[in-house]
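In what follows, a structure is listed as structure tokens, so that the remarks can point back to it.
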Amino acid sequence: AEYMGNLDLQFEASWALSNIASGNASHSHYVINLNVVPLWIQHLSSDSANCLEQATWAIGNIAGEGSKCRNYVLEHGAMLPLLNLIQRCGQDSLALMQSAVW
């Protein structure tokens with residue numbers, strides 16, 4: 001699809017969905033049902049700092065909603081990309097590292 005190469009569009013869509021996921025539990029479950037978490041996990045290896053940061057926030061919003069949501073994120077393979085991100089960003093981006101750890 002044409003939008004897959006459009007990093008600005010990917011960032012804006014992630015930003016909007018992340019804001020929805022940051023609401024209450026029903027909002028997080030709505031976003032989970034959109035099946036966007038696997039896409040966010042793919043963004044954890046993005047070259048776009050904006051997409052990378054937004055995906056980190058979004059995954060944290062979902063995982064922070066409770067054990068079922070956390071397990072959903074882990075079952076979709078978020079741990080290794082998050083660990084790689086932490087290793088990759090090091091001290092260069094403390095804010096990004098804090099988001100990844102959260």
Side-chain angles (χ1 to χ4, degrees):
E2 183 178 323
Y3 64 87
M4 292 306 289
N6 188 331
L7 294 177
D8 289 334
L9 183 59
Q10 290 176 27
F11 167 74
E12 293 296 334
S14 289
W15 178 82
L17 290 168
S18 179
N19 281 324
I20 293 169
S22 69
N24 61 37
S26 67
H27 296 126
S28 292
H29 289 284
Y30 177 81
V31 172
I32 286 171
N33 289 332
L34 294 174
N35 203 31
V36 72
V37 171
L39 296 173
W40 281 330
I41 292 170
Q42 289 177 6
H43 282 259
L44 293 176
S45 58
S46 176
D47 291 331
S48 165
N50 286 337
C51 288
L52 179 61
E53 185 174 349
Q54 199 57 52
T56 304
W57 272 105
I59 290 168
N61 286 341
I62 296 291
E65 191 53 53
S67 61
K68 287 183 180 182
C69 291
R70 179 203 62 221
N71 291 344
Y72 175 84
V73 167
L74 293 174
E75 288 166 3
H76 279 79
M79 183 59 73
L80 187 58
L82 283 168
L83 291 173
N84 288 337
L85 172 61
I86 291 167
Q87 184 178 28
R88 204 170 73 213
C89 71
Q91 292 296 325
D92 294 338
S93 177
L94 187 58
L96 185 57
M97 183 185 287
Q98 289 171 332
S99 296
V101 171
W102 181 78

Let me check something: any side-chain donor-acceptor pairs from residues 17-24 under 3.5 Å, sequence neighbours excluded? List them with distances.
from, atom 1, to, atom 2, distance (Å)
S18, OG, Q54, NE2, 3.4
S18, OG, N61, ND2, 3.1
N19, ND2, W15, O, 3.2
S22, OG, N19, O, 2.7
N24, OD1, S26, N, 3.0
N24, OD1, S26, OG, 2.6
N24, OD1, H27, N, 3.1
N24, OD1, H27, ND1, 3.1

Is it the case that over 12 heavy atoms from other parts of the model lie below 6.0 angstrom from the CG atom of D47? no
Could you list all the ring pair (Phe, Tyr, Trp, His ring centres under 6.0 Å) pairs where at least one residue sits in residues 34-56, not counting sequence neighbours? none
I'd like a table of donor-acceptor pairs (distance under 3.5 Å, sequence neighbours excluded) in which one partner is a side-chain atom from residues 67-85, with atom names and distances.
from, atom 1, to, atom 2, distance (Å)
N71, ND2, S67, O, 3.3
H76, ND1, Y72, O, 2.9
N84, ND2, L80, O, 3.4

Residue list, side-chain contact (heavy atoms from CB on, under 4.5 Å) with A25, at least two apart or on another chain: H29, E65
Restricting to non-hydrogen atoms, name the atom on L52 and the atom on T56 that form the minimum distance, rounded to 0.1 Å. O-OG1, 2.8 Å
Output, in order, the C-alpha distance, side-chain angles, deciding distance and verdict of side-chain contact (heavy atoms from CB on, under 4.5 Å) for N50 and L7. CA-CA 9 Å; N50 286 337; L7 294 177; over 6 Å; no
Interatomic distance, CG@L39 vs SG@C51, rounded to 0.5 Å, equals 11.5 Å
Under a 4.5 Å side-chain heavy-atom rule over Ile, Leu, Val, Met, Phe, Trp and Tyr, are W57 and F11 clustered together? no
